S.K.: 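The structure follows.
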Number of protein chains: 4
Amino acid sequence: MTETANDQPAKRHSGRRERSEKAILEATRELIAERGVGGLTIEGVAARSGVAKTTIYRRWRDRDELALAILIDMTAAVNAPPDLGDTRRELLTFVKTASRIIKADRIVQGLVSEIATEPHLSRAYRERIVDVRLAEVKSAIDRGIARGDLRPDTDVRVAHELLVGPLFYRLLFSGAPLNKAHADQVVDAVMRAFAAR
Amino acid sequence: MTETANDQPAKRHSGRRERSEKAILEATRELIAERGVGGLTIEGVAARSGVAKTTIYRRWRDRDELALAILIDMTAAVNAPPDLGDTRRELLTFVKTASRIIKADRIVQGLVSEIATEPHLSRAYRERIVDVRLAEVKSAIDRGIARGDLRPDTDVRVAHELLVGPLFYRLLFSGAPLNKAHADQVVDAVMRAFAAR
Amino acid sequence: MTETANDQPAKRHSGRRERSEKAILEATRELIAERGVGGLTIEGVAARSGVAKTTIYRRWRDRDELALAILIDMTAAVNAPPDLGDTRRELLTFVKTASRIIKADRIVQGLVSEIATEPHLSRAYRERIVDVRLAEVKSAIDRGIARGDLRPDTDVRVAHELLVGPLFYRLLFSGAPLNKAHADQVVDAVMRAFAAR
Amino acid sequence: MTETANDQPAKRHSGRRERSEKAILEATRELIAERGVGGLTIEGVAARSGVAKTTIYRRWRDRDELALAILIDMTAAVNAPPDLGDTRRELLTFVKTASRIIKADRIVQGLVSEIATEPHLSRAYRERIVDVRLAEVKSAIDRGIARGDLRPDTDVRVAHELLVGPLFYRLLFSGAPLNKAHADQVVDAVMRAFAAR
DNA sequence: GACTAAGCGAGACGGTACGTCGCGTCTTAAA
DNA sequence: TTTAAGACGCGACGTACCGTCTCGCTTAGTC
């Protein structure tokens, strides 16, 4: 299944589709960055991207789906923390990465209500983000257990919630900063909560 | 019943004001319960309450402020857990109460984006809810420290986030259930994380 | 039921309604005159009149209703031909007036399909125009019968159709001119068709 | 039924062309019958006929041209009334045939505005229909004159208008029925209007 | 019997207008 | 003075079709 010379079988006919999709996503990202998710408008995207409104609606059902696509695109780009040989460092990396992502462009803040409310978006978010993150945490925790750092009965789901829940709480409600110190505190607490012995 | 000179001196405003305010809030609550925060509309409230739109705008700047009033009203109604003589039970009570409240009528889900986004609402939410909850947790934790259950350097803010963060994460993102078992798991983890010695 | 001094009971509150209605109708008339009924657009009317689209839709269900209002307004403005003492001259006056009206601004041409097709508009047109014209013809014919010019069993409805049918046929299909000579020919034919004896 | 060398020599173009044209016209007729001319849509025709939109546009400039093709096709199918030896009967046949045609599928009602409005369609309709009908009436009237039933100076054009004008007026505006009795009344009136002597 | 050009299906695209919703402002008359 | 009533300008929604425009595939008709 190696990619031989003839490798554009997917390029069906024109690249029109791809060109306009790129323009739409770029305009969307710009608008969100400038005015927040609340200022995201299909008409605005159409105007800025030079694409017809209809073309946007041909690909995304509505405003929220478009925003979700951006969100998933941004979020999914991050990879699992590798095996660093140090459980605490791995969890810290995870938390810091998560922090960085959820702060970006205030997209999460603007979309969380729709995600929590529209079954359609809930499912997409869960499958594309929550489950992926969970798997990342699981691999780190499994290594921690193997190293004898964490107790074998550690509940990955709860550990995940304890790691990221505080971040979202600060982001959405308390307004407290998401910084290195906080990440340290959270990881320390989780390490103690699930320490072996 | 003519308006004679000697009116009740305590009846400050008019009575009309209170009557219509009551009607507005009731209609708002009903609409949120029936159709969620997204289905809450000033026009709908006016129609259902028999009050003019103008009257609503006279009291609340906009849709979000009205919804926030309802949210704060509901949330603030809950009181601090009393001294039960048992740190774990006190924290569990706190978590279970918080669970119950945030699930109510899906108001939090519908409003979180606005809360996280509008500085106006952020501040109101922080002062009226976050700080109050934090104080409640603090009193429970202080008692826990005094009893020798928790370490004296326990960071109340982080402890609070670890207690409620998982709830919000489930509510808003993962969709996992908020039940007694989960509350137990979270409280156990926090107890271990901040156990004395 | 005479109009006494106090005669503006209908002027409910502001004249805003009337002002915007006037602006809408004026813009509509202009657009029809410039570009025909086919070029009549709610958005165009809104733009030209400085009135919001919603305000237009508040008064007329859609494009066709608005155009019909203009049509009826124009058409209904004409009155029955008076008793001229001469049957032929009365019928000729009727035909010439009808000619003039139906040519105006090409509104009839643009609307006829909708009138013939939408039950809603059909009924309005019939009640507001057809029946009125019929009554006008009837009074002329009745006088003609009384004068001994026309046969007593003249069918008014058919006579009416014979008088105006040719006009509409020229207007809509054959494109032949609607002028004095044609009016004469038509009236002469009708006079002969229903001559007494 | 294999395609041997000796295909019909007359089969000029390709066969594909004819096949898709047939499919288009059939779908068009069905759509008009089901939903009226207003419900006729190029996209609908393409969908129903299994033909690409492009193919339709290759043959007809737009929606109206396609509809007109159908209209002319239906209307032109009728032939001139033969010499029946009776002027009144011949005119009656003409009127009844015209009645039947113009009621069919409400096509005339739906198209009349376009016919009256688009110079392109006006001309086509005039040449393909009006003039043809006029010739038919002329031959009947010429025979009537020859027979001594009608006056020699009978204006064929006006007679035609008097015969069909009432039909169109009923069809498009008054909504009165097009039936045998009405045809009789119209023909009687025209016979009297142009009777010899 | 193979080659080549026309005809075709598919469907993406920019565009215009639709009719709707709810916003927040404003004006008036009654209470 | 406060209210109910409701008209208004406005911005955006998501939809329906329009007519145009590549694309490659199919299919005759010619060599």
Side-chain angles (χ1 to χ4, degrees), chain A residues 11-21 39-47 49-63, chain B residues 3 13-17 19-20 39-47 49-58 60-63, chain C residues 11-21 23 39-47 49-63, chain D residues 3 5 7 11-21 39-47 49-63:
Chain A
K11 182 202 160 202
R12 236 153 301 232
H13 34 291
S14 68
R16 285 210 284 176
R17 180 164 202 121
E18 282 142 39
R19 240 180 300 128
S20 53
E21 178 146 344
L40 178 63
T41 282
I42 297 292
E43 303 219 319
V45 172
S49 66
V51 145
K53 244 190 345 167
T54 18
T55 299
I56 302 174
Y57 280 112
R58 257 172 220 125
R59 297 211 211 319
W60 295 275
R61 177 185 301 274
D62 58 19
R63 208 198 70 116
Chain B
E3 293 278 3
H13 287 324
S14 85
R16 279 217 282 178
R17 181 170 201 107
R19 238 180 301 125
S20 51
L40 178 63
T41 286
I42 298 292
E43 306 218 317
V45 172
S49 66
V51 143
K53 271 202 306 180
T54 341
T55 304
I56 301 174
Y57 281 110
R58 236 172 249 126
W60 294 275
R61 175 187 301 272
D62 58 21
R63 204 197 74 116
Chain C
K11 182 201 156 202
R12 235 153 301 233
H13 34 290
S14 68
R16 283 211 286 174
R17 177 163 204 123
E18 283 143 40
R19 239 178 301 127
S20 53
E21 178 147 344
L40 178 64
T41 281
I42 298 293
E43 302 218 318
V45 173
S49 66
V51 145
K53 246 189 344 167
T54 18
T55 299
I56 301 173
Y57 281 111
R58 257 173 220 125
R59 296 211 212 317
W60 295 276
R61 177 186 300 275
D62 57 20
R63 208 198 69 115
Chain D
E3 291 278 4
D7 232 12
K11 181 192 156 206
R12 238 162 301 236
H13 286 324
S14 85
R16 279 215 285 176
R17 182 172 200 106
E18 281 145 39
R19 237 179 301 126
S20 52
E21 179 148 342
L40 178 63
T41 285
I42 298 293
E43 304 218 317
V45 173
S49 65
V51 143
K53 266 200 310 179
T54 341
T55 303
I56 301 174
Y57 280 110
R58 243 173 239 128
R59 298 212 210 317
W60 294 276
R61 177 187 300 274
D62 59 20
R63 206 198 73 116

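Since we're looking at a predicted model, the values are computed, not measured. As a basis for the values below, the full set of heavy atoms in this structure was taken, side chains included, without hydrogen atoms, waters or symmetry mates.
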S.K.: Separation of A:Asp62 atom CG from F:dA12 atom C1', in whole Å?
M.R.: 13 Å
S.K.: Listed by chain and number, what are the side-chain contact (heavy atoms from CB on, under 4.5 Å) partners of A:Thr41, not counting sequence neighbours?
M.R.: A:Glu43
S.K.: What nucleotide among F:dC18, F:dG9, F:dA7 has an atom nearest to a side-chain atom of D:Glu43?
M.R.: F:dC18
S.K.: Using a 4.0 Å heavy-atom cut-off across all strands, classify A:Arg61 as base, sugar-phosphate, or nothing.
M.R.: nothing
S.K.: Return no unless some side-chain N or O of C:Thr54 is found under 4.0 Å from OP1 or OP2 of F:dC8.
M.R.: no
S.K.: Nearest-Å distance, CH2 (B:Trp60) to P (E:dG24)?
M.R.: 14 Å
S.K.: With DNA chain E as reference, determine whether D:Thr55 or C:Arg58 sits nearer its 5' end, using the nearest nucleotide of each.
M.R.: D:Thr55
S.K.: Tell me which nucleotide among E:dG9, E:dC13, F:dG14 gets nearest to the side chain of A:Ile42.
M.R.: F:dG14
S.K.: Starting at the 5' end of DNA chain F, which residue's closest nucleotide do you reach first, C:Ala52 or A:Thr41?
M.R.: C:Ala52
S.K.: Check side-chain contact (heavy atoms from CB on, under 4.5 Å) between A:Ala47 and all other residues, then give those that pass, not counting sequence neighbours.
M.R.: none
S.K.: Should we count CZ of D:Arg59 as having more than 12 external heavy atoms under 6.0 Å?
M.R.: yes
S.K.: Which nucleotide, E:dC23, E:dC18, F:dA12, lies nearest any side-chain atom of B:Tyr57?
M.R.: E:dC23
S.K.: Counting side-chain heavy atoms from CB outward, which of F:dA12, E:dA17, F:dC18 is closest to A:Lys53?
M.R.: E:dA17
S.K.: When the nearest nucleotide of DNA chain E is assigned to B:Arg63 and to D:Arg59 on a heavy-atom basis, which residue is associated with the more 5' position?
M.R.: D:Arg59
S.K.: Which pair of non-hydrogen atoms, one from A:Ala46 and one from A:Ala52, has the smallest distance, and what is that distance?
M.R.: CB-C, 4.3 Å
S.K.: Tell me whether the side-chain N/O atoms of D:Ser20 come closer than 4.0 Å to OP1 or OP2 in E:dC8.
M.R.: yes
S.K.: Just checking A:Gly50: base, sugar-phosphate only, or nothing, at a heavy-atom cut-off of under 4.0 Å?
M.R.: sugar-phosphate
